[in-house]
**Q** 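First the structure, which I've put down as structure tokens, then a few questions once you've had a look.
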Protein chains: 4
Amino acid sequence: MVTLHKSANRRFALLRETLHRQLTPGAWPGFGLSPLNRAVCALILLASLMAVLETEPTLRQAASGLFFSLEVFFVTTFLAEYACRMYAAGEEPRYRGISGRIRYAFSFWALVDLLAILPFFLAFLPFNNVFLLRMMRVLRILRLARLGRFSRAWSALAGALHARSYELLLSVGVAGLLLLLSAACLYVVEAAEQPEAFGSVPRALWWSIATLTTVGYGDVTPITPLGKLFAGITAVAGIGIIAMPTGILAAAFSDVFQHKDPRSEDEADDSYSLSQPERQRHDAGKMEW
Amino acid sequence: MVTLHKSANRRFALLRETLHRQLTPGAWPGFGLSPLNRAVCALILLASLMAVLETEPTLRQAASGLFFSLEVFFVTTFLAEYACRMYAAGEEPRYRGISGRIRYAFSFWALVDLLAILPFFLAFLPFNNVFLLRMMRVLRILRLARLGRFSRAWSALAGALHARSYELLLSVGVAGLLLLLSAACLYVVEAAEQPEAFGSVPRALWWSIATLTTVGYGDVTPITPLGKLFAGITAVAGIGIIAMPTGILAAAFSDVFQHKDPRSEDEADDSYSLSQPERQRHDAGKMEW
Amino acid sequence: MVTLHKSANRRFALLRETLHRQLTPGAWPGFGLSPLNRAVCALILLASLMAVLETEPTLRQAASGLFFSLEVFFVTTFLAEYACRMYAAGEEPRYRGISGRIRYAFSFWALVDLLAILPFFLAFLPFNNVFLLRMMRVLRILRLARLGRFSRAWSALAGALHARSYELLLSVGVAGLLLLLSAACLYVVEAAEQPEAFGSVPRALWWSIATLTTVGYGDVTPITPLGKLFAGITAVAGIGIIAMPTGILAAAFSDVFQHKDPRSEDEADDSYSLSQPERQRHDAGKMEW
Amino acid sequence: MVTLHKSANRRFALLRETLHRQLTPGAWPGFGLSPLNRAVCALILLASLMAVLETEPTLRQAASGLFFSLEVFFVTTFLAEYACRMYAAGEEPRYRGISGRIRYAFSFWALVDLLAILPFFLAFLPFNNVFLLRMMRVLRILRLARLGRFSRAWSALAGALHARSYELLLSVGVAGLLLLLSAACLYVVEAAEQPEAFGSVPRALWWSIATLTTVGYGDVTPITPLGKLFAGITAVAGIGIIAMPTGILAAAFSDVFQHKDPRSEDEADDSYSLSQPERQRHDAGKMEW
């Protein structure tokens with residue numbers, strides 16, 4: 001009896017260890033993502049694609065049954081995955097036992113996993129508001145955020161952005177001032193001619209942002225000669241608005257790439273892997289659950 | 001009696017020293033801005049936001065009382081701040097006494113402070129001209145310029161721009177020539193078809209600037225095959241017009257960041273502070289006022 | 001008789017060697033392309049230009065005979081060139097004999113050459129479908145791909161792109177997420193007002209991509225204040241979408257140019273040549289065909 | 001009599017030397033441009049501005065007399081300047097004597113000077129063609145080319161462009177291929193729906209260039225889902241089309257600025273001057289004219 005119990009224990013220990021290794025990106029000994037996590041990634045992408053397609057009324061009406069069945073399938077799979085992750089979390093010392101599991105449930109990525117499941121159940125609430133209904137549908141697309149768990153390698157880019165965040169913020173500030181200034185100029189000279197589009201500074205901001213970012217929709221354009229003059233100056237300033245952050249980022253990336261050069265020769269493979277295996281080894285003999 | 005006078009003197013000296021330390025960015029011993037200056041910054045931002053919102057006719061009519069009360073509050077606060085700054089200026093040797101205060105009143109930032117208060121009183125003049133009225137409203141937004149007093153740290157960016165100002169000016173010149181050339185070409189080939197939009201070089205400049213900056217409103221587009229050919233060449237040249245200043249700025253920032261590297265390790269905190277405390281110490285015992 | 005046969009053999013060997021030297025970019029001893037290959041390049045460009053012009057109905061109707069005659073000329077020339085290349089391939093050991101020729105026929109560039117001839121014969125099939133007919137015409141333009149055989153020198157640029165392909169892919173991913181997010185936002189706030197343009201996330205993507213890439217057609221623009229707010233944020237994010245890949249490429253090119261500096265002094269001429277002569281010398285005495 | 005003749009000779013020699021020093025940018029001993037050349041530059045700019053304004057019909061009708069008088073003034077001044085330059089050219093050994101003057105008259109900048117005067121006299125020819133008349137007016141704007149004589153300092157920028165001309169040409173080639181490819185795709189999928197805009201590859205090129213350069217006029221946009229898909233891909237490729245030359249230029253400028261660093265400390269002033277004085281000293285005693 002004791003032997004049987006012990007053997008079951010050992011089997012559970014092995015199962016938990018295997019799950020942990022498959023589900024935790026850092027615990028996978030091989031290169032890249034484990035097969036199970038790849039399947040999870042594919043499911044997340046597929047679920048998001050379905051959520052995108054379901055917002056299209058013609059598709060929703062044509063295949064409402066298919067969309068609902070797929071949604072049920074995705075949610076049950078995600079629920080099963082959530083349970084497995086919860087169980088496998090016990091492999092790490094800090095998440096052992098009941099209190100550890102509660103601590104895990106409130107960890108960042110566990111909350112994201114839970115939030116990815118929730119919209120399905122919210123959809124059963126009786127919504128009459130069309131706006132909220134659309135919001136519900138869009139919430140399903142945010143499941144894509146779950147992919148963040150599997151990507152640790154864009155730290156180099158994020159580092160370059162962070163190192164120059166002060167300069168980038170400053171150029172955002174300069175852009176904001178130019179935005180306000182050009183909107184104020186156009187308000188002064190164009191308000192009389194086009195009160196609907198330039199009747200106030202907030203209204204003129206719509207034109208101003210479309211011009212400074214060089215988007216240029218053309219739904220609103222100045223018609224007075226003075227307005228066109230200021231618009232021309234704004235458009236030229238828009239080149240500066242593009243050039244400044246681009247220049248800052250180029251210099252920052254140049255810095256990062258040059259400092260990474262010695263590293264990149266030794267750890268070139270790692271910089272291309274989605275998750276670095278940290279080879280955390282746990283003694284599988286201990287059990288708390 | 002003498003002791004009382006002396007004690008009052010000492011109290012005034014302390015007050016002036018405290019005000020000076022709180023109001024002058026360079027005199028604050030701590031990191032960043034003093035609490036009082038932070039409040040001033042917040043007020044300036046709020047006052048500018050209100051000035052922006054007040055230009056919207058629907059809001060102005062809905063809450064004209066609120067806007068006027070807030071304006072009165074901002075102006076009285078700015079007046080009080082101006083008086084305090086005038087008083088605290090005596091802490092610095094060059095602004096001591098009556099003549100020093102007059103010298104202070106004509107210093108750059110003191111004039112900016114005064115100009116930020118003026119529009120309120122100008123609004124009481126009987127304006128019949130709608131254009132001038134709009135201008136008055138926009139002048140209030142220019143209070144944002146007062147924020148310049150608190151920012152000394154963007155000198156690195158300004159330095160990069162200044163070091164390459166010759167190259168940047170040159171690329172502006174090249175852009176100007178291309179602008180004129182493409183406007184002249186379109187004038188020659190499109191004037192007969194679209195006299196309103198391309199009937200003269202100055203008119204064609206409006207299309208030319210929208211195309212070269214890649215804004216592309218689309219309110220004016222060539223319709224003849226030859227006009228479209230020249231427009232295509234102009235659009236491709238527009239990429240060069242964006243690429244040149246961006247490339248110059250990228251190289252300039254790269255230069256600045258690399259030369260700042262040794263400095264940034266020692267003074268990293270300072271480069272992120274809005275104002276460097278210069279730890280100017282004044283003996284508080286002397287009094288002139 | 002033996003002498004005559006030997007002399008003919010020698011003449012053929014000489015012809016094949018000359019053809020090989022003229023046709024294979026790597027076998028030309030001089031700088032750049034051989035005269036024959038230059039003629040082939042010119043023919044490819046001319047044939048592509050004709051294919052482009054032939055799609056224009058007015059030109060096709062005005063000069064259908066000319067277009068057909070030119071097409072017959074191009075195809076016969078390309079066929080002759082294909083035969084010559086097939087024959088000259090025997091100069092290289094791996095393409096000798098019948099089996100070598102078959103191996104050559106399945107080599108990448110030989111297949112491209114064959115595919116450039118095929119559309120002519122496909123045009124004789126009785127197509128009723130206008131869509132397929134247009135596709136046939138466009139296939140002729142793809143002959144431009146044949147030029148790839150003659151260009152080996154853009155490896156420096158391709159190398160810079162490849163070395164940073166991970167970072168570039170990441171910025172494409174970030175762009176994709178922003179695209180989806182802004183489309184989702186606009187779908188939520190604008191679907192009620194403009195169901196045709198923002199009635200679903202896939203529909204909103206059309207607006208989203210035009211804004212994020214700063215193209216800004218203006219055929220679809222938000223009209224609600226909240227929609228305009230999100231559109232403004234999207235437009236500003238679009239600057240980041242341009243700045244990131246530009247910054248990465250600038251840093252990558254900077255890296256490549258700096259590492260190429262010692263090389264460029266020795267091999268400066270080669271880096272400007274379209275094809276590096278590899279000076280492969282074949283003993284012309286051997287013959288298999 | 002001999003003394004008088006000698007004195008007149010000496011006076012002429014002095015005049016010619018002064019004129020040469022004032023008119024030839026390289027012969028001016030001081031910093032920047034000589035006062036006379038500055039006046040010439042101002043005149044050229046003014047004459048070009050007048051030529052631009054004269055194309056506007058409303059201005060031309062309102063002040064035709066003023067425009068003609070100014071044109072007469074500019075042309076007589078330019079003629080006088082041309083004569084002076086011709087006379088002063090004798091100061092340089094290679095332009096001495098009658099044959100030297102003829103050689104000078106065919107030098108590049110002398111021809112440009114002559115061409116700047118010509119349009120005035122061509123205007124007296126009896127033109128009935130409105131197109132040629134517009135061309136005549138635009139020719140006057142090309143006087144701006146004369147400014148090129150005074151600017152020698154943008155060689156650093158031109159050098160950076162030249163050093164990477166191969167890479168820049170390559171990116172133009174890639175852009176051209178993308179342009180053709182996207183036009184061909186849109187022709188295939190949109191020709192049936194919008195024959196006017198996408199009925200042939202040359203017609204589709206107009207849309208294609210507006211999209212790839214991110215100008216995005218919006219006068220022509222795809223309406224089929226497949227067309228919108230290809231348009232989206234084209235717009236994203238457009239970012240690459242902007243990023244590639246920008247990255248190449250950024251790296252090239254970075255290279256130039258870094259190699260110029262030691263020089264810029266010694267000759268910083270020169271890099272900001274429009275023309276470097278070459279301190280050519282001529283012995284004024286010799287006379288040929």
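In the text below, chain A, chain B and the rest are named by the order of the sequence lines, each starting its count at 1. Side chains included, hydrogens not; waters and symmetry mates left out as well; all remaining heavy atoms used.
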**Q** Test your reading of the model: is there a side-chain donor-acceptor pair from A/Q194 to the backbone of A/T221, 3.5 Å cut-off?
**A** yes
**Q** Could you check which of A/E56, A/R134, A/R60, A/E54 has the highest count of heavy-atom pairs closer than 4.5 Å to chain C?
**A** A/R134
**Q** Any donor-acceptor pair under 3.5 Å linking the side chain of A/R38 with the backbone of A/L33?
**A** yes
**Q** Testing the basics here: between C/M244 and A/F253, what is the closest heavy-atom pair and its distance to 0.1 Å?
**A** O-CE1, 3.7 Å
**Q** Give me the contact list for residues 232-240 of chain A versus chain C, heavy atoms only, anything under 4.5 Å, ordered by residue number.
**A** none
**Q** Name the member of A/L249, A/I248, A/V215, A/T246 that forms the most heavy-atom pairs with chain C at distances under 4.5 Å.
**A** A/V215
**Q** A/N37 and A/P25: which non-hydrogen atoms are nearest, and at how many Å?
**A** ND2-N, 4.0 Å
**Q** Quick one: sort the A/Y217 and A/W206 rings into parallel, tilted or perpendicular, breaks at 30° and 60°.
**A** parallel
**Q** Name the region of C/L181, side chain, backbone, both or neither, that has any atom closer than 4.5 Å to a heavy atom of chain A.
**A** side chain
**Q** Is the closest side-chain heavy-atom distance between A/R137 and C/Y187 below 4.5 Å?
**A** yes
**Q** What part of C/L212 gets within 4.5 angstrom of chain A, counting heavy atoms only: side chain, backbone, both, or neither?
**A** neither
**Q** Between C/S208 and C/L179 (side chain of the first, backbone of the second, donor and acceptor by atom type, cut-off under 3.5 Å), is there such a pair?
**A** yes
**Q** Checking heavy atoms, do the side chain of A/I141, its backbone, both or neither come under 4.5 Å from chain C?
**A** side chain
**Q** Looking at C/A231 and C/L186, what are the two nearest heavy atoms and their distance?
**A** N-CD2, 4.3 Å
**Q** Need one label for A/R203: side chain, backbone, both or neither, based on atoms under 4.5 Å from any heavy atom in chain C.
**A** neither
**Q** So which of C/P222, C/A183, C/S171 has the largest heavy-atom pair count under 4.5 angstrom toward chain A?
**A** C/P222
**Q** Of the backbone (N, CA, C, O) and the side chain (C-beta and beyond), which part of A/I241 lies under 4.5 Å from a heavy atom of chain C, both, or neither?
**A** both
**Q** For A/V130, which atoms come within 4.5 Å of any heavy atom of chain C: side chain, backbone, both, or neither?
**A** neither
**Q** Taking all non-hydrogen atoms of both residues, which atom of C/E190 and which atom of C/G227 are closest, and how far apart?
**A** OE2-CA, 3.6 Å
**Q** State, to 0.1 Å, how close C/T213 and C/I242 come at their nearest heavy-atom pair, and which atoms those are.
**A** O-CD1, 4.3 Å
